[in-house]
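Some notes on the structure that comes next.
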Amino acid sequence: MECKQIGIFHLGADFSTKYDICCKLESIIGRDKQYVIPAPWKPTQASQPGIIHLDCTKIKKLGFKFHSIKESLGIIKKQYN
């Protein structure tokens, strides 16, 4: 099937912070969350958003589906066990 689409297509899964991803990873590998500690926010001279994500609407309209982060981490665990 040929689609005449142009531009930038973002690929991604569900919306999560780095902290959320680390907590999910700890859960999947069977550790408690004592090793994942949220870092305190400190203002810097550089403007850095605390939460960022990609808009995947364009690629999803073409029928692409993605695993959630939790599912993806589970697949990685299976592959490396």
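Keep in mind that what you see is a predicted model, and the values were worked out from it rather than measured.
- Residues Phe66 and Lys60 meet the side-chain proximity criterion, which asks for heavy atoms closer than 4.5 Å.
- Qualifying side chain to side chain contact (heavy atoms under 4.5 Å, CB included) partners for Lys77, counting only residues two or more places apart in sequence or in other chains: Ile28, Asn81.
- Separating the SG atom in Cys22 from the CD1 atom in Ile37 is a distance of 11.5 Å, to the nearest 0.5 Å.
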